[in-house]
Protein chains: 2
Amino acid sequence: MNVIKENTRQTIIDISIKLFAQSGYANVSVRDIAKEVGIKPASLYYHFDNKQTLYLASIKESFSLKASVIAEVLNRQEPAELKLKHYVYKLTELASEDEPFCRLMQREMLDGDEQRLKYLAEKVFQEQFDAVGDLVKEIDPQCDPHMSVISILSLVLYHMETRPFQMFLSGYKKEHNQVDFIAEHVFKLLMNGLPESK
Amino acid sequence: MNVIKENTRQTIIDISIKLFAQSGYANVSVRDIAKEVGIKPASLYYHFDNKQTLYLASIKESFSLKASVIAEVLNRQEPAELKLKHYVYKLTELASEDEPFCRLMQREMLDGDEQRLKYLAEKVFQEQFDAVGDLVKEIDPQCDPHMSVISILSLVLYHMETRPFQMFLSGYKKEHNQVDFIAEHVFKLLMNGLPESK
DNA sequence: AAATACCTAACAACTGTTAGTTAGGCTGAG
DNA sequence: CTCAGCCTAACTAACAGTTGTTAGGTATTT
């Protein structure tokens, strides 16, 4: 009867990612997920032990995909400054096109327990975090790489997080939501600070 | 019988702010709130029409307080650069000492509907947003104030948002959570960019 | 025959909310 | 001053709906 779907488990995860990202863990019921998958609620329990397990599988899936895509930019042979520029652009692009990932990330920052945050930090982000840390240290050997990397992430991700809010603040233009525009702004700021003393 | 509390309504709001910030709207039941207030669930409905109304009253209360505190720094008669420095420090301090406010803000960015976001932007943040915009325009007349102000907020608030996560990332030190340390890092970055070419 | 992937039906717990009641304090009339 | 009437702020009890989850049954495939 089911022609398209050959892997229900994967479908469940994909839909769960979408729904959990949209509305948060508590606001999505197993019935909501089942309905969208086209399955009865009880059938979810054939594939996953419980709701928590399904949620965990979803964030693992969503997060591990991203990390690998980013890695590519950081492994190129380029001068540090250019590499940073490409990283900023890639990260902005990624954050822009995969909203569920961003929202899940935000939600984890808010509600993720210690164990989950530790897992995410060590298994998913550490490698990328360290690589960018090395990068900024090349640009300024005296800087605090930990703080600097967080700042880079701040600039990119917060611009994304606040997108639905920005349009109500003064001076908003359509360009402010475009990937290249944001990436360029961030990169310039990272290089020169606010005063554009070229 | 109730000796301490003379204003139950205010107590309800205070506790709601705390609980909603901690766990999010859907994760806090009216029974949870009532219990902590020391009241039966039904009694909440004497003071507030329903859960939504109570939530709205809570965020309004939490947010409007903050805006006024910040305004003071921006109204001083100081050179632009120093004023920006003081703003960054004040914002960092505020974000650091009022965790519920930060968390509510984050939650609103995720789940706030258009109407609420518009209200927050216009009635609560616009004045401050514009004042900081004027400030950066003084520092660099050619810049895009909208983008620049968002970037300033990014740097401060994201450092706060990710506090529970940072400790699992490499290079973390205790200082990274101290108000002055963060504020100084952010201000330096805003002035010079990453390369500290003094 | 066994395993897979789904189903129906139901469970206990919890949810926001309401109807109706009660106890204490204040006010104005007798 | 007293007492009826009203307001305030709480209460008890219950409602209907939703929640995560489970036990047990049923086709289809291997």
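As the structure is a computational prediction, the values presented were derived from the model and not from experiment. Labels below follow one simple rule: chain letters A, B, ... track the order of the sequence lines, proteins then strands, and each chain is numbered from 1.
- Regarding B:I12, its CD1 atom lies at a distance of 10 Å from the P atom of D:dA9, rounded to whole Å.
- Heavy-atom distances to DNA chain D give each of B:S43 and A:D32 a nearest nucleotide, and the one nearer the 5′ end belongs to B:S43.
- Rounded to whole Å, the distance from CG on B:L54 to P on C:dG16 is 11 Å.
- Under a hydrophobic-cluster definition in which Ile, Leu, Val, Met, Phe, Trp and Tyr are linked whenever side-chain heavy atoms come within less than 4.5 Å, directly or via other members, A:V179 and A:V73 are assigned to different clusters.
- Remark: C1' of D:dT21 and CZ of A:R31 are 9 Å apart, rounded to the nearest angstrom.
- Within the 4.0 Å cut-off from OP1 or OP2 of C:dC6, at least one side-chain nitrogen or oxygen of A:T8 is found.
- The phosphate of C:dT15 has OP1 or OP2 within less than 4.0 Å of a side-chain N or O from B:S29.
- Judged by distance alone, the side chains of B:N177 and B:Y172 do bring a donor and an acceptor atom under 3.5 Å apart.
- With B:K83 contributing its side chain and B:N75 its backbone, the two residues share no donor-acceptor pair below 3.5 Å.
- Comparing C:dA10, D:dT22, C:dG16 by their closest approach to the side chain of B:V30 singles out C:dG16.
- Side-chain rings of B:H176 and B:H159 stay apart, their centers remaining 6.0 Å or farther from each other.
- Cation-pi geometry between A:K118 and B:F165 is not satisfied (NZ or CZ under 6.0 Å from the ring centre, within 45° of the ring normal).
- As a whole-Å value, the separation of B:F48 CZ from C:dG16 C1' is 16 Å.
- Between the CZ atom of B:R9 and the C1' atom of D:dA9 there is a distance of 14 Å, rounded to whole Å.
- B:N50 places its CG atom 13 Å from the C1' atom of C:dT18, with the value rounded to the nearest Å.
- Applying the 4.0 Å criterion to OP1 and OP2 of D:dT8, one finds that B:H47 has every side-chain N and O outside that range.
- In this model, the phosphate group of C:dA5 is approached by a side-chain N or O of A:Y46 to a distance below 4.0 Å at OP1 or OP2.
- Heavy atoms of B:K40 sit under 4.0 angstrom from at least one base atom.
- Ranking C:dA19, C:dG16, D:dG20 by closeness to the B:A42 side chain, first place goes to C:dA19.
- At whole-Å resolution of the value, CG in A:D49 and P in D:dT21 are 10 Å apart.
- Counting to the nearest Å, the C1' atom of D:dA10 and the NZ atom of B:K35 are 19 Å from each other.
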